[in-house]
Amino acid sequence: MSHVLDTGSRKRRPYAVLGNRLRDARSRLREDVSGRIPRVADIATKLSVSPGFVYQVEGGWKKPKDGALAMWASVYGVRYVELCKALNRIPMDLVASLKDEIPSAVDPFSQLSEQEKVELLPYLSYVRWKLSQEAATSNERGSVL
């Protein structure tokens with residue numbers, strides 16, 4: 001009984017999570033007039049890209065430019081943060097909010113206003129989600145070894 005490693009027949013799709021999320025979102029969309037699921041060409045027209053590019057993104061082979069991600073989220077009817085999670089990235093609006101001056105106290109959290117605490121909650125949720133994803137990945141690797 002021989003074991004053959006199949007390394008070449010399945011190519012890695014670097015953006016598979018994003019593509020699956022977008023494809024699923026499109027299948028849930030319904031047009032107002034006809035009630036049908038929008039075609040890739042319809043989505044491409046709204047995004048001002050080619051249908052081929054939409055196919056590649058939904059297939060997990062390519063991704064939209066970071067600056068266009070919010071537009072894709074809007075057209076597909078999903079939250080921008082969800083697409084960022086699919087790409088394993090921090091949402092740009094959170095990054096921009098982090099560029100503000102950090103208090104120079106020993107414990108910067110002690111000087112936060114209530115508004116600042118509220119603004120940090122989405123980032124905290126993202127960090128917790130990211131850590132849980134990393135823990136799950138390392139657990140999967142540990143069980144394989």
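The residues of the chain are indexed from 1 along the displayed sequence.
In terms of heavy-atom proximity, Ile43 sits nearest to Pro38 at CD1-CB, 4.2 Å. The minimum heavy-atom distance between Trp61 and Arg12, with the atom names listed, is CZ3-O, 3.3 Å. Closest heavy-atom contact between Pro51 and Ala41: CG-CA, 4.2 Å. Listed here is the closest heavy atom pair of Ala25 and Tyr76: CB-O, 3.7 Å.
Rounding to the nearest 0.5 Å gives a distance of 9.0 Å between CG of Leu47 and CZ of Phe53. Atoms CH2 and NZ, on Trp72 and Lys65 in that order, are 12.0 Å from each other to the nearest 0.5 Å. Rounded to the nearest 0.5 Å, atoms CG (Leu112) and CG (Leu120) are 6.0 Å apart. Atoms CD and CG, on Glu116 and Leu121 in that order, are 12.0 Å from each other to the nearest 0.5 Å.
There is no path of hydrophobic side-chain contacts, each under 4.5 Å, that joins Val17 to Leu22. The hydrophobic clustering, which links ILVMFWY residues whose side-chain heavy atoms are closer than 4.5 Å, places Val127 and Ile90 together. A single hydrophobic cluster is seen to contain both Leu131 and Trp129, as judged by linkage of ILVMFWY side chains at heavy-atom distances under 4.5 Å, directly or through other members.
A donor-acceptor pair is defined here as one N or O able to donate and one able to accept, closer than 3.5 Å; such a pair exists between the side chain of Arg23 and the backbone of Glu58. Side-chain atoms of Ser74 never come within 3.5 Å of backbone atoms of Ala70 as a donor-acceptor pair (strictly under, hydrogens ignored).
Residues meeting the side-chain hydrogen bond (donor to acceptor under 3.5 Å, both in side chains) test with Lys63, sequence neighbours left out: Asp66. With sequence neighbours excluded, the residues forming a side-chain contact (heavy atoms from CB on, under 4.5 Å) with Glu82 are Arg21, Arg79, Lys85, listed by chain and number.
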Legend entry - Ile37/Leu29 under side-chain contact (heavy atoms from CB on, under 4.5 Å): CA gap, chis, key distance, verdict: CA-CA 6 Å; Ile37 295 172; Leu29 288 175; 5.7 Å; no
Legend entry - Pair Gln56-Val49, side-chain contact (heavy atoms from CB on, under 4.5 Å): steps then yes or no: CA-CA 11 Å; Gln56 290 176 330; Val49 298; over 6 Å; no
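Atom CZ of Arg36 has more than 12 neighbouring heavy atoms from other residues, nucleotides or ligands inside a 6.0 Å radius.
Residues Pro122 and Val81 are not in side-chain contact: their nearest non-hydrogen atoms beyond the backbone lie 4.5 Å or more apart. Residues Val118 and Glu114 are not in side-chain contact: their nearest non-hydrogen atoms beyond the backbone lie 4.5 Å or more apart. By the 4.5 Å heavy-atom criterion applied to side chains, Tyr15 and Val57 are not counted as neighbours.
Salt-bridge annotation for Asp42 and Arg26: absent, with no side-chain N of the basic residue lying under 4.0 Å from a carboxylate O of the acidic one.
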